[in-house]
Each structure stands twice: as C-alpha cells, then as structure tokens.
Amino acid sequence: MPAPRLRGTLHLPADKSIAHRALLFTAMGHGTATVAMHRPGADVRSTIAAIAALGALTTQSTGDDGALVLTIAGGGRSDSAALPGSDPVTLDCGNSGTLMRLLTGAATTRAGRTTLTGDASLSTRPMERVAVPLRAMGAKVTTSDGHAPVVVDGGAHLTATAHSLPVASAQVLGAIALAAVTADGNTTITTPGPTRDHTERLLTFLGAPVTREDHATTLTGPTGWECRDITVPADPSAAAFWLVTGAIHPDADITLADVGLNPTRTGIIRILERMGARIDVTPAGTVGPEPAGTLRVRSGPRLTAVDLTADDVADVIDELPVLAVAMAAASGTSTVRDAAELRVKESDRIALTVAGLRALGVDAEELPDGWRITGAPVRATPSATRAVVATAADHRIAMAFTVANLAGVGTTDCDVDDLACADVSYPGFLDDLGALT
Ligand code: S3P
C-alpha cells in the first residue's frame with residue numbers, strides 16, 4: 001500500500017563487504033586492534049562467529065556512538081599474515097557467499113583443516129570458481145561437487161601465480177589475495193571487468209604491498225601487517241532501497257548518514273541520476289581507507305528509462321533488484337544485459353525479480369542475462385488487490401518488493417512471503433521503514 005509521505009534521517013547498517021574484510025584481515029594480522037560497526041547483519045555476524053571460533057575475538061563492547069566494537073587478536077606475524085590456530089575447525093558461513101569465498105583463501109594460511117559450511121542457499125552456489133585458482137597455487141581445497149562444504153587443508157607452501165579469472169568477482173579476487181600472503185613473489189589477479197576494490201584499499205591501509213592497475217591486482221608475498229583499528233561505514237547497498245524509494249515516491253525527503261561512497265559501489269547513485277533522480281551527495285572525508293558521506297534523496301519529476309550493460313552492471317550488481325523497481329516506475333522501457341551473474345546470487349535474481357514485478361502487474365520480461373521492463377506511473381492510492389511475491393528467502397528481493405509496495409509500484413499492492421530474511425544484510429529494515437512513514 002503506498003505511503004502518503006516519507007521523511008527522515010537513517011543511520012544504516014554497516015557495509016557488509018567492508019565488515020567481512022575488516023574482521024578477517026584483522027584476524028590474520030599481528031597484534032590486537034578493534035573493528036567498529038553499527039547494526040551488523042546476519043552475514044557479518046557469521047563472520048564474527050567464525051573469528052570467535054578461530055579464537056581471534058577477545059572482547060565485544062558498545063562504543064560511545066552505539067557502535068559494536070570488537071577487539072580482535074590476529075593470528076599472524078608482522079611479516080607473515082595468518083588466521084590463528086591449527087586444530088581442525090568447522091565454520092558456518094550461514095547465507096554469506098563473500099564469507100565462504102574469502103575464508104577459503106584465508107584458511108590456506110592456517111596449518112590445520114578448516115571446513116566451511118553454509119545454509120541451503122549458500123550450499124547451491126558455485127565454489128569451484130575460488131577453489132580452481134587456489135589449487136593452481138598449490139593449495140589443498142576440495143568442494144562437494146563444486147559446492148559447500150568446502151574443505152581447506154592449510155599450511156601448504158603456495159606458489160605466486162598469475163591468474164586470469166573467467167568471472168569478474170571481488171570475492172574470488174579477495175580469496176586469492178589472502179592466500180597470496182604466504183607465496184614468494186608477485187601474485188597477479190586479472191579480472192574480465194571492474195570489481196569492488198575493498199580488498200586492495202584495506203590491505204594497503206594495513207601496510208601490505210598491493211597494487212591495482214585497471215583490472216589487475218598484484219600482491220607481493222610473503223607479507224603480513226600490524227593490526228590497526230578500523231571503523232566500517234554504512235552500507236550503500238542498504239542505502240539503495242531508500243534512494244530508489246525517494247526517487248519514485250511523490251512526497252519523499254530522506255537523508256542517509258555516514259554512507260560508504262567508494263566509487264566501485266556508488267553506481268546506484270550515478271544510474272538513478274541518469275534516470276533523472278534528485279540526489280545530493282555530501283562527502284565527509286574518509287573512514288579508514290574508505291570515502292563516506294551523507295546522501296539526501298527527494299521526490300522529483302518521473303524517472304526515465306535506462307539501458308544497462310556490462311560497464312554499468314559491475315558497480316550495481318547487488319542493487320539490480322531494487323533498480324528494477326525504479327525501472328518499473330520510470331517512463332519508457334529499460335533493459336539490463338550482461339548480468340547473468342544475478343542467477344547465482346542468494347537466489348536466481350533475474351527469475352525472481354521479473355516474476356515479482358509481473359505479480360505486481362508490471363510489464364516485465366526475463367532475458368538470459370537480464371530483463372526488459374516497461375514502467376508505469378506509481379499509484380498514490382491503495383489497490384483493491386494484494387499479491388504475494390516469492391523471495392526464496394533472498395534479502396535483497398524481499399526488501400526490493402517491500403519498497404515497491406511502499407511507493408505504489410504496479411497495479412496491485414503486495415506482501416513478500418519472507419521479510420525476516422532482510423536481517424541478512426539489513427537488521428531493523430522494518431523499523432527504518434516505520435521511521436520514514
Ligand atoms: C562482494 C562481491 C560481489 C557482490 C557481493 C559482495 C564482495 O560478488 O555481489 O554481494 O564483498 O566481494 P562477486 O564477487 O561474486 O561479484
């Protein structure tokens with residue numbers, strides 16, 4: 001049902017991509033440091049549980065600003081990074097593909113056996129993409145028919161290797177970089193397209209020799225780092241839900257505080273602006289190695305259609321379901337191409353996004369690597385009908401269709417079949433929605 005008016009300032013949950021890395025890299029460093037973050041989602045809590053199971057988490061407290069502050073004692077030396085311990089350990093990665101893939105690389109640095117398990121969704125996601133390049137370096141990694149459980153027998157001497165990845169994945173790149181810390185010489189990872197650069201920024205912040213040129217990242221091993229306090233900014237992928245809502249709703253003025261503004265993550269702002277959205281960006285310096293600032297989105301003229309291909313897609317891969325909601329409200333026909341990766345995320349996001357839009361009465365069509373959507377004006381009034389949108393417990397699908405309903409997209413109101421799954425990346429999503437309405 002459309003909300004009449006949306007107003008407020010939100011302090012969003014911590015960036016998931018940065019939080020996973022801050023926790024794991026600190027657990028591999030030398031010495032002790034803190035990682036501070038607001039409102040970690042279930043995926044990040046899986047990483048906290050994993051480093052606790054490895055013995056790296058010393059204390060948890062609440063900072064003056066209400067942030068969760070984790071004190072972590074790393075398992076590495078200043079010249080040789082490593083996760084702590086050598087006993088066999090099983091780590092539950094929950095729903096998080098990023099955690100499972102980064103840990104597969106990181107676990108090669110600890111002498112024991114590390115077994116990585118995940119929930120039903122994660123257990124269907126492809127893991128050979130990370131196992132293959134690690135094996136090429138000499139790592140002992142096995143998957144179960146290409147999937148979790150993943151077993152890593154760490155401590156082997158790895159060989160610095162030049163990798164050319166078939167998929168542009170920051171998760172795989174990060175996993176290889178973490179394994180490369182023990183290899184002698186240059187490990188280079190070339191990706192077929194752009195990827196988010198949090199691994200490079202954070203390792204550089206910690207003092208590890210990493211460079212990135214175009215789509216090639218090089219780490220020179222062996223290397224380690226001294227732990228250093230890290231604060232995680234708010235998640236631009238969480239901000240995306242409100243940026244889209246504010247841009248398509250007729251009476252919205254929403255401010256989002258301390259959001260990460262890494263250019264490899266702000267494609268959502270650039271694309272919404274291309275569609276005609278009114279978004280003010282006020283940079284506020286850096287939080288550790290990451291730029292951050294305040295975003296304000298206000299209602300404006302109706303958005304216009306946009307066509308997205310490979311160059312656009314990389315910087316908005318996680319935001320495409322909610323961008324589809326913007327497309328469904330825009331004038332004209334929008335397309336997304338070159339986004340087949342969406343089929344192997346937490347769900348088949350191409351199939352579920354299009355099916356959900358069609359359930360809302362939107363003219364939407366599935367393409368092998370994306371979709372075609374013809375928009376219609378949003379409704380200001382409730383509909384007499386109410387559809388149920390299937391989410392397959394995918395947090396981003398659940399939130400995208402919840403804001404579609406809030407903004408009156410399509411011809412019918414809707415409920416999602418599971419909104420609890422929003423907790424994976426955005427705990428308190430409903431509270432924030434309530435605060436705005
Ligand atoms: C992530 C990289 C992206 C993204 C995921 C988080 C990361 O996946 O979709 O949500 O933190 O490295 P790929 O690496 O598979 O592209």
Side-chain angles (χ1 to χ4, degrees), residues 13-25 37 40-44 46-47 93-106 118 121-122 124-133 147 163 165-178 189-203 212 215 217 232-233 235-241 260 262 264-268 289-290 310 312-323 336 338-350 353 369 394-397 399-400 421-422 424-426:
D15 185 295
K16 197 154 80 74
S17 286
I18 299 172
H20 287 306
R21 289 169 171 81
L23 293 162
L24 289 178
F25 297 7
M37 64 182 77
D43 272 7
V44 176
S46 293
T47 301
C93 300
N95 191 245
S96 177
T98 306
L99 175 58
M100 185 170 281
R101 294 184 178 127
L102 291 177
L103 258 181
T104 303
S121 152
L122 182 53
T124 66
R125 297 182 65 186
M127 292 300 148
E128 279 297 312
R129 57 174 59 189
V130 65
V132 166
H147 304 106
H163 303 269
L165 301 185
V167 184
S169 165
Q171 297 174 355
V172 177
L173 183 158
I176 297 169
L178 294 183
I189 309 136
T190 306
T191 57
T195 53
R196 60 192 66 193
D197 65 356
H198 303 303
T199 294
E200 292 87 334
R201 282 176 186 260
L202 195 51
L203 286 178
R212 179 191 263 220
H215 302 152
T217 295
V232 181
D235 197 335
S237 298
F241 297 102
N262 180 316
T264 63
R265 298 287 301 287
T266 49
I268 180 70
E290 295 281 348
D312 309 296
V313 156
D315 295 344
V316 284
I317 192 73
D318 294 336
E319 287 69 68
L320 287 169
V322 75
L323 260 177
V336 170
D338 306 323
E341 267 296 291
L342 287 184
R343 295 202 185 272
V344 289
K345 294 293 181 189
E346 286 84 329
S347 69
D348 178 343
R349 287 184 174 161
I350 294 180
T353 299
D369 59 348
D394 182 328
H395 55 127
R396 298 202 197 279
I397 299 289
M399 290 186 280
C421 62
V424 162
S425 63
Y426 196 152

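All values below come from the heavy atoms of this structure, side chains included, with hydrogens, waters and symmetry mates left out. In each ligand, atom 1 is the first atom listed, and ligand 1 is the first ligand listed.
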- Task: Inspect the contact between K16 and D318 and indicate whether a charged nitrogen and a carboxylate oxygen are less than 4.0 angstrom apart.
- Result: no
- Item | Trace of the side chain to side chain donor-acceptor pair (under 3.5 Å) decision for H215 with T191 | CA-CA 6 Å; H215 302 152; T191 57; 5.0 Å; no
- Message: Between E200 and T217, do the side chains contain a donor N or O and an acceptor N or O under 3.5 Å apart?
- Response: yes
- Query: Ignoring hydrogens and geometry, is there a side-chain-to-backbone donor-acceptor pair from R21 to S17 under 3.5 Å?
  - Reply: yes
- Look at R129 together with E341 and state whether they make a salt bridge at an N to O cut-off of under 4.0 Å. yes
- side-chain contact (heavy atoms from CB on, under 4.5 Å) filter on A131, not counting sequence neighbours, yields E128, R135, V141, T143
Exercise answer, ligand 1 polar atom pairs (N/O) under 3.5 angstrom:
| residue | atom | partner | partner atom | Å |
| --- | --- | --- | --- | --- |
| ligand 1 | 8 (O) | Q171 | NE2 | 3.4 |
| ligand 1 | 8 (O) | K345 | NZ | 3.0 |
| ligand 1 | 9 (O) | D318 | OD1 | 2.6 |
| ligand 1 | 9 (O) | D318 | OD2 | 3.4 |
| ligand 1 | 9 (O) | K345 | NZ | 2.6 |
| ligand 1 | 10 (O) | D318 | OD1 | 3.2 |
| ligand 1 | 10 (O) | D318 | OD2 | 2.7 |
| ligand 1 | 11 (O) | S17 | OG | 2.6 |
| ligand 1 | 11 (O) | R21 | NH1 | 2.8 |
| ligand 1 | 12 (O) | R21 | NH1 | 3.4 |
| ligand 1 | 12 (O) | R21 | NH2 | 2.6 |
| ligand 1 | 14 (O) | S169 | OG | 2.7 |
| ligand 1 | 14 (O) | A170 | N | 2.9 |
| ligand 1 | 14 (O) | Q171 | N | 2.9 |
| ligand 1 | 15 (O) | S169 | OG | 3.3 |
| ligand 1 | 15 (O) | K345 | NZ | 3.4 |

